[in-house]
Novice: 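The structure follows.
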Amino acid sequence: MSTLPAARTTIDQRRATLLTPDFFNRDPRRVARALLGKLLIRKTPGGTLAGRIVETEAYLGTGDAAAHSAAGRTARNSVLFGPPGYAYVYFIYGNHYCLNVSCLPDGVAGGVLFRAFEPIAGIEQMAKARGIAISPKIDLNNISFLKNLSSGPGRMSEALGITRTRDNGKSFVGKKSDLQLADDGYHVRRVMVTPRIGIVKSADEPLRYYIAGNPFVSRRGPTV
DNA sequence: ATATCGATTATCT
DNA sequence: GATAATCGATATG
């Protein structure tokens with residue numbers, strides 16, 4: 001019998017290095033794919049939160065009808081038009097915040113939406129942020145429990161305590177930033193590409209990326 | 001397991 | 001005034 005890939009991963013602290021602006025200064029499709037397997041880190045007074053990114057979506061800018069930047073620059077979407085490597089946070093459906101990173105050079109719109117990660121550090125704090133009570137009965141390694149923390153853009157943002165007023169426009173590439181992205185050398189075996197979730201315009205464009213077979217992805221794929 | 005629906009507000013028409 | 005890059009609860013197979 002072949003062994004399934006381990007569900008949980010750990011961080012290789014010795015190898016972890018911050019992603020640089022160059023990483024984000026290219027087509028969002030390439031950034032979205034390259035971000036799979038990277039670490040998303042949130043530093044808080046209560047401790048460091050971290051997860052391994054398993055699902056992303058690319059939003060291409062003025063030519064992409066589904067992108068917030070499609071109709072040009074506004075006060076809301078201006079981060080997408082700014083320099084690469086900055087947080088674009090928007091509020092949706094009266095309930096949820098969603099976290100993105102800007103791509104392409106200053107003046108050109110584009111971004112990647114973070115849709116899901118595997119919780120790795122600060123799990124108890126993330127559960128608290130999600131309104132989930134921790135009791136001795138809860139197994140912190142249980143896949144269903146972990147998936148409920150951060151499988152989906154709204155959940156992920158809530159687990160990290162992301163809000164628009166706090167985080168929109170924040171740098172992902174600053175050494176001192178409380179929002180960081182890092183590469184610890186984790187190798188992604190296979191990437192799946194599907195249409196993006198929850199959009200109406202440009203609904204068929206294959207711009208969603210996730211790690212094949214990963215249990216923390218929000219959905220398997222389009223229910224075709 | 002999948003399907004449907006209400007919540008709730010910033011943004012744009 | 002309509003819409004939206006979603007989630008959680010509820011209903012049903």
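Please read all numbers here as calculations on a predicted model, not as lab measurements. First the proteins, then the strands, lettered A, B, ... as listed; each starts at 1.
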Novice: What is the distance, rounded to the nearest whole Å, between atom CG of A:N77 and atom C1' of C:dA4?
Specialist: 14 Å
Novice: May I ask you to say what A:R76 touches in the nucleic acid, namely base, sugar-phosphate or nothing, with a heavy-atom cut-off under 4.0 Å?
Specialist: sugar-phosphate
Novice: Please determine whether a side-chain nitrogen or oxygen atom of A:H68 lies at a distance below 4.0 Å from atom OP1 or OP2 of C:dA5.
Specialist: yes
Novice: Where do A:I41 and A:D178 land on the side chain to side chain contact (heavy atoms under 4.5 Å, CB included) test, with the steps shown first?
Specialist: CA-CA 8 Å; A:I41 299 159; A:D178 65 332; over 6 Å; no
Novice: Between A:R196 and A:Y59, is NZ or CZ placed under 6.0 angstrom from the six-membered ring centre and within 45° of the ring axis?
Specialist: yes
Novice: Take the protein atom NZ of A:K147 and the nucleotide atom P of C:dG8, then report the distance between them rounded to whole Å.
Specialist: 13 Å
Novice: For A:R208 and A:T194, test the side chains for any donor-to-acceptor distance below 3.5 angstrom and give the result as yes or no.
Specialist: yes
Novice: Verify the contact: side-chain N or O of A:R196 to OP1 or OP2 of C:dT6, cut-off strictly under 4.0 Å; return yes or no.
Specialist: no
Novice: Is the NZ or CZ atom of A:R26 both under 6.0 Å from the centre of the six-membered ring of A:F24 and within 45° of that ring's axis?
Specialist: no
Novice: Between C:dT6, C:dA5, C:dG8, which nucleotide has the shortest distance from any of its atoms to the side chain of A:N148?
Specialist: C:dG8
Novice: Using a 3.5 Å cut-off on both pairing distances, which stems of three or more Watson-Crick or G-U pairs include DNA chain B?
Specialist: B:1-7 with C:6-12, B:9-12 with C:1-4
Novice: Nearest-Å distance, OH (A:Y209) to P (C:dA5)?
Specialist: 18 Å
Novice: May I ask you to say what A:F91 touches in the nucleic acid, namely base, sugar-phosphate or nothing, with a heavy-atom cut-off under 4.0 Å?
Specialist: sugar-phosphate
Novice: In terms of side-chain heavy atoms of A:I197, which of B:dC12, C:dA5, C:dT6 is nearest?
Specialist: C:dT6
Novice: If you find the nucleotide of DNA chain B closest to A:N95 and the one closest to A:R164, which residue's nucleotide is nearer the 5' end?
Specialist: A:N95
Novice: Would you say C:dG8 has OP1 or OP2 under 4.0 Å from some side-chain N or O of A:R155?
Specialist: yes
Novice: How long is the span from the NE2 atom in A:H96 to the CD1 atom in A:I162, to the nearest 0.5 Å?
Specialist: 15.5 Å
Novice: Between A:H68 and A:Y90, is the ring centroid distance below 6.0 Å?
Specialist: yes
Novice: Find the distance A:Y210:OH to C:dA5:P and express it as a whole number of Å.
Specialist: 21 Å
Novice: For DNA chain B, what residues of residues 105-118 of chain A have any heavy atom nearer than 4.0 Å?
Specialist: none
Novice: Among A:I53, A:L18, A:L39, find the residue that satisfies the side chain to side chain contact (heavy atoms under 4.5 Å, CB included) test when tested with A:L181.
Specialist: A:I53
Novice: Is there aromatic stacking of A:Y59 against C:dA5, centre distance under 5.5 Å, plane angle under 30°?
Specialist: yes
Novice: Under 3.5 Å, side chain of A:S157 to main-chain N/O of A:P153, donor-acceptor pair present?
Specialist: yes
Novice: Taking donor-acceptor contacts at under 3.5 Å, does the side chain of A:Y90 reach the base of C:dA4?
Specialist: no
Novice: If I take atom CD1 in residue A:I132 and atom C1' in nucleotide C:dC7, what distance separates them, rounded to the nearest angstrom?
Specialist: 12 Å
Novice: Test salt bridge (charged side-chain N to carboxylate O under 4.0 Å, His left out) on A:D27 and A:R30 and set out the steps.
Specialist: CA-CA 5 Å; A:D27 190 293; A:R30 296 194 57 201; over 6 Å; no
Novice: Provide, to the nearest angstrom, the distance between the NZ atom belonging to A:K201 and the C1' atom belonging to B:dT13.
Specialist: 12 Å
Novice: Looking at A:T74, I'd like to know whether one of its side-chain N or O atoms comes within less than 4.0 Å of OP1 or OP2 on B:dT11.
Specialist: no
Novice: Let me know the distance between CD of A:E158 and P of C:dC7, rounded to the nearest Å.
Specialist: 10 Å
Novice: Please say which of A:T56, A:I197, A:V217 ends up in a side chain to side chain contact (heavy atoms under 4.5 Å, CB included) with A:R115.
Specialist: A:I197
Novice: Can you measure A:Y93 atom OH to C:dG8 atom P for me and round it to whole angstrom units?
Specialist: 15 Å
